[in-house]
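One structure, pasted below without further comment.
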Amino acid sequence: MARHLITSAIPYINGIKHLGNLVGSQLPADLYARYLRSRGHEVLFLCATDEHGTPAELAAAKAGKAVAEYCAEMHDVQARIADGFGLSFDHFGRSSSPQNHRLTQAMAGRLAEMGLIREVTEDQVYSVTDGRFLPDRYIEGTCPNCGFESARGDQCDNCTKQLDPTDLINPRSTISGATDLEVRTTKHLYLRQSELKGALADWIDSKKDWPILTTSIAKKWLNDGDGLQDRGITRDLDWGIPVRKGDQDWPGMEGKVFYVWFDAPIEYIACAQEWQDAGKGADWKRWWRTDKGADDVRYTQFMGKDNVPFHTLSFPATIMGTQEPWKLVDYIKSFNYLNYDGGQFSTSRGRGVFMDQALEILPSDYWRWWLLSHAPETSDAEFTWDAFQQDVNKDLADVLGNFVSRITKFCRSKFGETIPAGGTQGAAEEALIAALTQRLTAYQGHMDGIEVRKAAAELRAIWVLGNEYLQANAPWTTIKTDPDTAAMQVRLGLNLIRLYAVLSAPFIPDASKVLLDAMQTDDAAWPDDIGAALTALPTGHAFTVPDNLFRKITDDERAGWAERFAGVRT
RNA sequence: GGCGCGGUAGCUCAGUUGGUUAGAGCGAUCGACUCAUAAUCGAUAGGUCGGGAGUUCAAGUCUCCCCCACGCCA
C-alpha cells in the first residue's frame with residue numbers, strides 16, 4: 001500500500017466550466033483517485049476554486065454582488081456540480097481561504113529572505129472612473145497604425161501590430177468605457193525565476209517518464225528567447241491576498257495583493273490544511289512536508305495544457321526557492337483540448353455543453369464514460385453528438401447494461417432471484433478466467449500509468465468477455481438438457497456482474513453502486529484472483545433484477561441537444 | 001512569422017528501442033443465436049500509414065524538404 005496525493009487543476013470561480021475543462025483535469029484525476037482507493041492505497045485527493053483576480057471582480061460586479069459574496073456562492077455552485085459528477089474530492093477548498101492567505105504570505109516572505117524577490121517600479125494605466133489599474137486587455141482604443149477602433153492595449157487585432165497602452169488613440173476602459181485614463185507609477189514584486197532556471201531545468205530533465213506534452217511545454221518556456229523570465233507576483237487590486245512578508249507588513253506594498261497565479265497553486269497545499277481544519281483528516285503535513293512524513297508520498301497533478309507552464313515552472317520555482325522541505329510533484333498528467341463539433345467550446349457564445357447542463361440532460365455516468373474513453377491525451381479530441389450517442393448506446397447500454405439484463409432476467413425466469421446451485425466449472429470457464437485475468441492485468445497497467453483511453457478500452461473488452469461467454473455457452477440451450485450446468489453458467493454470470501461493478505467503479509461509480517445493490521452485496525474488494533472473485537456470491541444468495549442500467553439516447557434527443565447547444569453563430 | 005502537438009481504414013484512435021502478410025472499437029455487409037435494452041456473438045470487406053527525397057538488408061517507425069489542421073507566442 002502506497003500513499004498518493006492527487007490534485008486537479010483548480011477551476012476559476014467566474015462561472016460554470018464546460019465538458020472540455022472537466023475532462024482536462026477534474027475527471028481523470030477522480031478516475032485515478034477512485035482507482036487507487038479501490039486498490040487499497042491511501043489517497044488524498046484535493047481540488048479547490050481559484051477565486052482571485054480581475055475576472056472574478058468583474059463577474060461579481062456584473063452580478064451586482066460583492067466579490068466575496070459572489071465567490072462564496074459560486075464556490076457552492078461548483079461544489080454541487082462537482083458532486084453531481086461524482087468527483088470524489090477529499091476536500092474542495094477555496095484559494096481565498098484564511099489558510100491560503102497565511103501560507104501565501106509566509107512563502108512570499110521566505111522567498112524574500114532567500115533573496116528571490118525584487119521590487120520593480122513600472123508605469124501602468126490607471127482608470128480614475130473605475131478606480132483601478134487596467135491590465136492591457138482591459139484597455140481599448142484606436143490603433144495608431146491602421147486606424148482600427150478596437151485595438152487592445154497590448155496588440156491590434158486588426159493589423160497585429162504590437163502596442164503599448166500609451167500608443168492608443170482615444171484609449172478607454174473596456175470595463176466602464178471611461179476615457180479618463182492616466183499613467184501612474186506603481187511598484188511590484190517579481191519572483192526571480194531566472195535564478196532558479198538551472199535547478200528547474202535539471203529537475204525537468206530528470207522526469208523521463210512524463211508525457212511529452214508536459215515536458216515539451218516546460219522546456220519551451222525554459223529555453224525560448226532569453227529563457228525563463230522573472231515574473232510579477234503582485235497586482236494593484238482590492239480582491240486577493242494582501243501582500244505581506246509572512247505576518248509582517250511589506251513596506252511600500254500597501255494596498256496591493258498577490259497575483260492570482262502566485263497564490264492559486266499554493267492553495268494545493270493550503271487545501272490540505274483546510275481539509276484538516278474541516279475535521280476530515282489529521283496531520284496535513286504528513287502529505288506535504290518531506291520532513292514530516294511525506295517522503296513516501298507520490299504526488300500526481302492533473303491539468304489541461306494551458307496550465308502546464310505554471311505547474312512545471314512557476315509553482316516549482318516557488319517551492320524550490322523557499323528551500324523548505326515541501327513536496328514537489330512526481331508526475332504531471334496533462335491533457336489537450338476537447339473541441340465541440342468542429343470548433344471550440346465557447347462560454348461567451350454559449351457554444352457547447354457546460355457541466356450543469358450536462359447533468360440536466362443525462363446522468364453523470366454517461367458523461368464520465370464518454371469523456372474518459374475519449375480523453376484528449378495525445379492530441380485534441382472532438383465531441384460530436386453522433387459519436388456520443390453511438391458510443392454511449394453501444395458501450396453502456398448494449399454491451400454492459402444488456403449483459404446485466406440478460407443474465408439477471410434469465411436467472412429470474414428459470415431459477416428465481418437467488419444464485420442457483422449445481423454444476424461444476426469446466427474448460428470454458430477456465431478459459432474465461434484466463435482471459436479475464438490477462439485483461440485485468442492490462443487494465444491495471446493502464447490505470448497505474450494513467451493511460452485513460454487505453455484503460456477504458458480494456459474495461460470495455462472485459463465487459464465483452466461476459467457476452468462472449470454467454471453466447472458461446474448458451475445457458476438457455478444448456479438448461480434443456482443439463483440444468484445443473486446451466487445453473488453453474490448462470491451463477492458465473494451473476495458473479496461477473498459483481499466483478500464488473502468493482503472494476504468499473506472508477507469510470508462509472510453510480511452504475512457500479514446500482515449493480516452492487518442489485519446483487520445485494522457490499523463486497524467491492526478489488527480482485528486478486530479472478531477465479532475466487534467469481535465465487536464471491538455464493539449459492540443461495542439473493543439478488544434483485546435491476547432496472548435497465550442505461551437507457552439509450554434517442555435520435556430525437558440527439559438532434560434536439562445538437563441544436564440547443566450549438567450556440568450563437570458569429 | 002517563430003515554436004509546439006498532430007496528420008494511420010468512412011469515423012474515433014493503437015502502433016514499444018526501425019524487422020515477418022499495418023491493428024482495435026464503431027459504422028458497413030453477410031452469417032449465427034433468440035436469454036436480453038430491435039440487444040448479443042462470429043466472419044468479411046476497407047488503408048500506396050499527408051506528399052516527396054534520402055539513410056538502411058529492412059521505415060508508419062530515423063534524416064531533410066514541402067503541404068494541411070489545431071494551439072501557443074511575438
Side-chain angles (χ1 to χ4, degrees), chain A residues 20 24 136 154-157 159-163 211-226 229 304-309 334-340 342-344 370-371 373-415 439 442 445-446 449 451-461 463-480 486 489-490 493-494 497 545-554:
Chain A
D136 292 347
D154 50 351
Q155 180 182 30
C156 174
D157 286 335
C159 70
T160 74
K161 185 176 171 61
Q162 210 186 321
L163 302 169
I212 190 165
L213 181 67
T214 305
T215 51
S216 66
I217 292 175
K219 286 178 180 171
K220 168 180 155 42
W221 282 60
L222 213 42
N223 300 318
D224 254 25
D226 298 328
Q229 298 298 300
K305 59 184 170 185
D306 51 328
N307 275 334
V308 169
S334 56
F335 289 86
N336 287 284
Y337 293 142
L338 179 69
N339 289 322
Y340 181 82
Q344 296 185 341
W370 194 90
L371 292 169
S373 60
H374 293 78
E377 290 176 295
T378 52
S379 66
D380 289 355
E382 175 98 355
F383 177 91
T384 65
W385 286 103
D386 270 356
F388 177 69
Q389 178 196 23
Q390 205 169 74
D391 294 341
V392 159
N393 285 353
K394 187 72 181 177
D395 298 348
L396 297 181
D398 295 347
V399 175
L400 177 61
N402 182 56
F403 172 78
V404 172
S405 189
R406 66 195 298 203
I407 190 70
T408 52
K409 286 176 182 170
F410 180 73
C411 184
R412 180 173 61 186
S413 74
K414 303 298 181 190
F415 301 99
R439 290 215 174 268
H446 291 140
E451 302 241 44
V452 178
R453 280 183 313 201
K454 288 181 181 175
E458 206 60 41
L459 178 59
R460 185 189 189 284
W463 297 340
V464 167
L465 286 177
N467 281 316
E468 281 176 11
Y469 173 80
L470 289 186
Q471 203 65 35
N473 296 282
W476 49 91
T477 302
T478 311
I479 197 167
K480 294 170 186 166
Q489 291 165 340
V490 168
L494 292 166
I497 293 176
V545 175
D547 293 335
N548 282 350
L549 201 54
F550 295 100
R551 69 169 186 82
K552 294 197 188 190
I553 297 168
T554 67

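Letters go in sequence order (proteins before strands), and every chain restarts at 1.
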Open item on the list: Can you check the distance between B:rG15 and B:rC64, where both ends of the measurement are the P atom (answer in whole Å)?
Closed with: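 Result for the P pair: 23 Å, nearest Å.
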Task: Short side-chain N/O contact to B:rU37 OP1/OP2 from A:Lys394, under 4.0 Å - done: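 No, no such contact exists.
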Task: C1' gap between B:rG46 and B:rA36, integer Å - done: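 Straight-line distance between the two C1' atoms is 32 Å.
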Open item on the list: Once hydrogens and angles are ignored, does a donor-acceptor distance under 3.5 Å link the base of B:rA39 to the side chain of A:Asp398?
Closed with: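 Answer no: no donor N or O sits under 3.5 Å from an acceptor.
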Task: Under 3.5 Å on both distances, the Watson-Crick or G-U partner of B:rG25 - done: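 WC or wobble partner is B:rC11.
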Open item on the list: Roughly how many Å apart are B:rA14 and B:rC62, using the P atom of each and rounding to a whole number?
Closed with: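 To the nearest whole Å, 16 Å.
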Open item on the list: Looking at every non-hydrogen atom in both residues, tell me the closest pair between A:Ile479 and A:Phe415 and how far apart they are.
Closed with: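 Heavy atoms only, the tightest pair is CD1-CZ, 3.8 Å.
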Open item on the list: Just to be sure I understand the rule, does A:Val464 reach a base, reach only the sugar-phosphate, or reach nothing, if contact means heavy atoms closer than 4.0 Å?
Closed with: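 Sugar-phosphate, no base atom in range.
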Open item on the list: Is the terminal nitrogen or CZ of A:Lys305 (NZ for Lys, CZ for Arg) located under 6.0 angstrom from the six-membered ring centre of A:Tyr337 and within 45° of that ring's axis?
Closed with: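 Yes, A:Lys305 and A:Tyr337 form such a contact.
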Open item on the list: In whole Å, I'd like the distance from the CG atom of A:Asp306 to the P atom of B:rC73.
Closed with: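 Rounded to whole Å, this separation is 10 Å.
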Task: P gap between B:rG60 and B:rG19, integer Å - done: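 Approximately 10 Å lies between the P atom of B:rG60 and that of B:rG19.
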TODO: Report the residue (A:Gln471 or A:Lys305) whose heavy-atom-nearest nucleotide on RNA chain B is the more 5′ of the two.
DONE: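 With A:Gln471 and A:Lys305 compared, the 5'-side residue is A:Gln471.
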Open item on the list: Taking only the P atom of each, what is the distance from B:rU16 to B:rC73 in whole angstrom?
Closed with: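 Here B:rU16 and B:rC73 have their P atoms 32 Å from each other.
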Task: Distance, rounded to the nearest Å, where A:Arg406 contributes CZ and B:rU34 contributes P - done: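 Checked: the CZ to P distance equals 12 Å.
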Task: Atom-pair distance (CG on A:Asn307; P on B:rC72), nearest Å - done: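 So the two atoms are 13 Å apart, to the nearest Å.
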Open item on the list: Rounded to whole Å, please give me the gap between CG in A:Asn393 and P in B:rC11.
Closed with: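 So the CG-P distance, A:Asn393 to B:rC11, works out to 21 Å.
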TODO: Check the geometry between A:Trp476 and B:rC35 and answer yes if their rings are stacked (centres below 5.5 Å, planes below 30°), otherwise no.
DONE: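 The base of B:rC35 is stacked with A:Trp476 (centres under 5.5 Å, planes under 30°).
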Open item on the list: To check you understand the geometry: which heavy-atom pair defines the closest contact between A:Leu470 and A:Pro475, and what is its length?
Closed with: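 Closest approach of A:Leu470 to A:Pro475: O-CD, 3.7 Å.
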- [ ] Tell which nucleotide pairs with B:rC3, taking only Watson-Crick or G-U wobble pairs whose two distances are both under 3.5 angstrom.
- [x]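 Because both required distances fall under 3.5 Å, B:rC3 counts as paired with B:rG71.
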Task: B:rA24 OP1/OP2 closer than 4.0 Å to side-chain N/O of A:Lys454 - done: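 Result: no.
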Task: Nearest-angstrom distance from the residue atom CD of A:Glu451 to C1' of B:rA24 - done: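 These atoms are roughly 15 Å apart.
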Open item on the list: Counting the atoms with a prime plus P, OP1 and OP2 as sugar-phosphate, which does A:Leu470 contact under 4.0 Å by heavy atoms, base, sugar-phosphate, or nothing?
Closed with: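 No contact.
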Task: Same-atom distance (P) from B:rG7 to B:rA69, integer angstrom - done: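 Straight-line distance between the two P atoms is 16 Å.
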TODO: Mark yes or no for whether A:Thr408, through its side chain, and A:Val404, through its backbone, hold a donor-acceptor pair below 3.5 Å.
DONE: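 At least one qualifying donor-acceptor pair exists.
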Open item on the list: Please report the distance, rounded to the nearest Å, between NZ in A:Lys409 and P in B:rC35.
Closed with: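 Answer to the nearest Å: 13 Å.
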Task: Phosphate-side-chain proximity, A:Arg460 and B:rA24, N/O vs OP1/OP2 below 4.0 Å - done: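 Result: no.
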TODO: Could you check how far CG of A:Asp391 sits from C1' of B:rC13, rounded to whole Å?
DONE: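 A:Asp391 atom CG is separated from B:rC13 atom C1' by 11 Å.
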- [ ] Look at all strands and tell whether A:Ala387 reaches a base, only sugar-phosphate, or nothing, counting heavy atoms closer than 4.0 Å.
- [x]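 No contact at all - A:Ala387 keeps every heavy atom at 4.0 Å or more from the nucleic acid.
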TODO: Determine the Euclidean distance between corresponding C1' atoms of B:rA9 and B:rU48; express it in Å to zero decimal places.
DONE: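 Approximately 13 Å lies between the C1' atom of B:rU48 and that of B:rA9.
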Task: Distance between C1' atoms of B:rG42 and B:rU56 (Å, rounded) - done: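 One C1' to the other, the span is 42 Å.
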Open item on the list: Measure NZ/A:Lys414 against C1'/B:rA36 and give the value in whole Å, please.
Closed with: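 For the pair A:Lys414 NZ and B:rA36 C1', the rounded distance is 13 Å.
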Open item on the list: Quick check for you: among B:rG71, B:rA36, B:rC41, whose closest atom lies nearest to any side-chain atom of A:Asn402?
Closed with: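 The nucleotide sitting nearest to the side chain is B:rA36.
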Open item on the list: Between A:Arg453 and B:rA14, is there a contact of a side-chain N or O with OP1 or OP2 at under 4.0 Å?
Closed with: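 Checking B:rA14 against A:Arg453, a side-chain N or O does come within under 4.0 Å of OP1 or OP2.
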TODO: Spell out, as yes or no, whether a donor-acceptor pair under 3.5 Å connects the side chain of A:Glu377 to the backbone of A:Val452.
DONE: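 Yes, because the side chain of A:Glu377 sits within donor-acceptor range (under 3.5 Å) of the backbone of A:Val452.
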Open item on the list: Counting only Watson-Crick pairs (N1-N3 plus N6-O4 or O6-N4) and G-U wobbles (N1-O2, O6-N3), all under 3.5 Å, who is the partner of B:rC64?
Closed with: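 Check on B:rC64: paired to B:rG52, both distances under 3.5 Å.
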Open item on the list: Using modelled atom types and a 3.5 Å cut-off, is there a donor and acceptor pairing between side-chain atoms of A:Asn402 and backbone atoms of A:Ala397?
Closed with: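 Not confirmed, A:Asn402 side chain does not pair with A:Ala397 backbone.
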Open item on the list: Using modelled atom types and a 3.5 Å cut-off, is there a donor and acceptor pairing between side-chain atoms of A:Thr478 and backbone atoms of A:Asn473?
Closed with: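 Yes, because the side chain of A:Thr478 sits within donor-acceptor range (under 3.5 Å) of the backbone of A:Asn473.
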Task: 5′-ward residue of the pair A:His374/A:Leu465 relative to RNA chain B - done: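 Upstream on the strand: A:His374.
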- [ ] Classify the nucleic acid contact of A:Phe550 as base, sugar-phosphate or nothing, counting any heavy atom under 4.0 Å across all strands shown.
- [x]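 Base contact.
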